[in-house]
*Asks:* 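Please find one structure pasted underneath; my questions will follow.
Chain letters run A, B, ... following the sequence lines, proteins first and then strands; every chain starts at 1.
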Number of protein chains: 2
Amino acid sequence: MSGPDLSDFRVSSLRQACAHCSLNQLCLPMSLSEADIEQLDAIVERKRPLQRGEHLYRGGDDFQAIYAVRSGSLKTFTTTESGEEQVTGFHLPGELVGLDAINSWVHPCSASALETTSICELPFEQLEDLASDIPSLQRQLLRLMSKEIFADQEMLFAMARRSAEERLAMLLLSFSERFGRRGLSSTRFRLPMARSDLGNYLGLAPETMSRLFRRFQENGWLQAEGREIQLLDQPALAELSGRQAREDVDSKQLSDGTD
Amino acid sequence: MSGPDLSDFRVSSLRQACAHCSLNQLCLPMSLSEADIEQLDAIVERKRPLQRGEHLYRGGDDFQAIYAVRSGSLKTFTTTESGEEQVTGFHLPGELVGLDAINSWVHPCSASALETTSICELPFEQLEDLASDIPSLQRQLLRLMSKEIFADQEMLFAMARRSAEERLAMLLLSFSERFGRRGLSSTRFRLPMARSDLGNYLGLAPETMSRLFRRFQENGWLQAEGREIQLLDQPALAELSGRQAREDVDSKQLSDGTD
DNA sequence: CGCCTACTTGAGCGGCATCAATGGGTGTGG
DNA sequence: CCACACCCATTGATGCCGCTCAAGTAGGCG
């Protein structure tokens, strides 16, 4: 690939059609027919990549569109009057952001790039119109929102009942799974965010994060060098996180269709 | 008096049309035309009321429909393998439940009645079809889901950063507002759930709830007799909760001593 | 009346925040 | 090239909030 040339983005978007996007089975086009994907393509705007720290939108901005991460990563966060920041989520390629703004037509939180990040913009009113025409798109949109509700509730549970160790284990496995689904290694990855962001998201102090990582390494569960993470004992982490480890925990096949 | 006759419910549903429901401006019909409301009515099934403790659905059940509370109240909760319960929400008249099941077509949590509770059932596939035909219904559905995402994120923030006192203040004000919107008193109401449910939802032990209520009363913020609550100082609660109280806040004549 | 569940109150402790200090990495300017 | 600033990560010391354990009280219902 040649260097980024801003004037080329509209042209190149012809090639970056959803149909050819490696993420289309993770993203909104999932389970759409080719013809439908073309229609979706027509409303997608592919924007100039964001640099690390740049904002996609800020809390209080008018809501115009929802966004899909194409490459890189985002964090979303709210800021209180007193200036404290609460990270509400990390968003990897194939994931949508901005869904929380549909209700009020104002973004209740900010989104900023954790690294150089490409974004697909989906103007919401056009997306609504299209969803009326394409039942499977409407369904997919509802599914993704439902998924987010479910994920938030799992997170709530974690914050209410889980220890710091358990929360970190959950988060690591979440990243592991999300990297894995994209075909990357699920045991070796580079976290795009600072320890303090991770801690903030989990409701923990950065110092606590540091101690947790040390303890996890002492226990032989992972190897960490800065943001470079290698998971060494996923079953141990899975047990900590309260989830079932794959088939290791079998013996009791509760309701066989787990996930 | 005519006792409850189950065979009557279909008949009586003719009179319980959304168009005449006092909640229709809080619920799914909000901003629908009369004709559209009629169409919605046609798919709504009004079921036999649930008794206290009865389940509307259980975690693991197949997802068929989403539900609106018509009267009474529900709690939704997850249960872990080890039997611990996590309350994920309380649902008052006009509010929807079951949205978290759309993604997987399985209810990830259970819903049970906190008191005698009437429910409107909205078969999801029919609702989807209808939403394709009625753009404002689609929009309303997306809005309600978006609202839930936002609410969950606020809750996450509370769990991550707020003290027990602040969380309780938030919850009390949330109930206050939700009662108020239905035309009931926003300062005097009866909580339909046990302290332990409240505490569970907030990530706090029942003992802590007890101590909090005592402290709130000592501070003159409220009067509580069991589940009967009277809010005496909403501005103080609002300040605690981190929200802006109306315009009283800057001239804070409210705090006279305790800190 | 006894049982059960919900709620209250007290005593003690532990997990995690906070405060403080240090070291490493990276960008910037002399 | 080094000096400096700044951010991020780490580590130790200390303290507090809210959990846990334990006991007692009150209300609902057979």
*Asks:* Between which nucleotides of DNA chain C, read 5' to 3', does contact with chain B run, using atoms under 4.0 Å from its heavy atoms?
*Replies:*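 So the outermost contacting nucleotides come out as dC7(C) to dA11(C).
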*Asks:* Apply side-chain contact (heavy atoms from CB on, under 4.5 Å) to R161(A) and list each qualifying residue two or more places apart in sequence or on a separate chain.
*Replies:* F157(A), E84(B), Q86(B), N200(B)
*Asks:* To the nearest 10°, give me the bend of the helix from dC1(C)-dG30(D) to dG30(C)-dC1(D), comparing the axes of its five terminal pairs at either end.
*Replies:*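 For the helix from dC1(C)-dG30(D) to dG30(C)-dC1(D), the axes at either end differ by 30°.
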*Asks:* Step through the shown structure and confirm whether more than 12 heavy atoms of other residues, nucleotides or ligands are within 6.0 Å of CZ on R58(B).
*Replies:*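 Not buried by this count: 12 neighbours or fewer within 6.0 Å.
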*Asks:* By side-chain contact (heavy atoms from CB on, under 4.5 Å), which residues pair with S163(B), not counting sequence neighbours?
*Replies:*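 Per chain and number, S163(B) pairs via side-chain contact (heavy atoms from CB on, under 4.5 Å) with E165(B), E166(B).
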*Asks:* Please state whether the phosphate of dT10(D), meaning OP1 or OP2, lies under 4.0 angstrom from any side-chain nitrogen or oxygen of S210(A).
*Replies:*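 So the side chain of S210(A) is within the cut-off, an N or O lying under 4.0 Å from OP1 or OP2 of dT10(D).
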*Asks:* What residues, two or more places apart in sequence or in another chain, satisfy salt bridge (charged side-chain N to carboxylate O under 4.0 Å, His left out) together with R227(A)?
*Replies:*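 Checked R227(A) against salt bridge (charged side-chain N to carboxylate O under 4.0 Å, His left out); zero matches.
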*Asks:* At under 4.0 Å between heavy atoms, what does R227(B) touch on the DNA or RNA strands: base, sugar-phosphate, or nothing?
*Replies:*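 Touches sugar-phosphate only.
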*Asks:* For E121(A) and K47(A), run salt bridge (Lys or Arg N to Asp or Glu O under 4.0 Å): C-alpha distance rounded to whole Å, both residues' side-chain angles, the deciding distance at 0.1 Å, then the answer.
*Replies:* CA-CA 7 Å; E121(A) 178 175 317; K47(A) 309 182 64 173; 3.0 Å; yes
*Asks:* Could you state the CE-P distance from M209(A) to dA9(D), rounded to the nearest angstrom?
*Replies:*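 Atom-to-atom, M209(A) to dA9(D), this comes out as 9 Å.
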*Asks:* Once side chain to side chain donor-acceptor pair (under 3.5 Å) is applied, what residue pairs with a partner in residues 202-213 of chain A remain, sequence neighbours excluded?
*Replies:* none
*Asks:* Of E207(A) and R52(B), whose closest DNA chain C nucleotide lies nearer the 5' terminus?
*Replies:* R52(B)
*Asks:* Is it true that Q234(A) and S176(A) share a donor-acceptor pair across their side chains at a distance under 3.5 Å?
*Replies:* yes
*Asks:* Taking atom types as modelled and ignoring hydrogens, do the side chains of H91(A) and T76(A) form a donor-acceptor contact shorter than 3.5 angstrom?
*Replies:*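 Per modelled atom types, H91(A) and T76(A) side chains form a pair under 3.5 Å.
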*Asks:* By ring-ring contact (aromatic ring centres under 6.0 Å, His included), which residues pair with Y67(A), not counting sequence neighbours?
*Replies:*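 By the ring-ring contact (aromatic ring centres under 6.0 Å, His included) rule, Y67(A) matches Y57(A).
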*Asks:* Thinking salt bridges, do R182(B) and E177(B) make one under a 4.0 Å N-O criterion?
*Replies:* no
*Asks:* Would you indicate, yes or no, if dC17(D) has its OP1 or OP2 atom less than 4.0 angstrom from a side-chain nitrogen or oxygen of S163(B)?
*Replies:* no
*Asks:* For DNA chain C, which residues of residues 189-206 of chain A approach it to below 4.0 angstrom with any heavy atom?
*Replies:* G203(A), L204(A), A205(A)
*Asks:* Name every residue in residues 211-226 of chain A that has at least one heavy atom under 4.0 Å from any atom of DNA chain D, in order of residue number, or write none if there are no such residues.
*Replies:* R211(A), R214(A)
*Asks:* Quick one: list whatever passes side-chain contact (heavy atoms from CB on, under 4.5 Å) with D197(B), sequence neighbours left out.
*Replies:*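 Per chain and number, D197(B) pairs via side-chain contact (heavy atoms from CB on, under 4.5 Å) with K75(B), E85(B), V87(B), F90(B), L114(B), M193(B), A194(B).
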*Asks:* Run the side chain to side chain donor-acceptor pair (under 3.5 Å) test against T79(B) and tell me which residues pass, sequence neighbours left out.
*Replies:*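 If we apply the side chain to side chain donor-acceptor pair (under 3.5 Å) test to T79(B), skipping adjacent residues, there are no hits.
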*Asks:* Name all residues meeting the side-chain contact (heavy atoms from CB on, under 4.5 Å) criterion together with P206(B); count only those two or more places apart in sequence or in a different chain, and write none if there are none.
*Replies:* S196(B)
*Asks:* Report the distance from atom CE of M159(B) to atom C1' of dC19(D), rounded to the nearest whole Å.
*Replies:* 14 Å
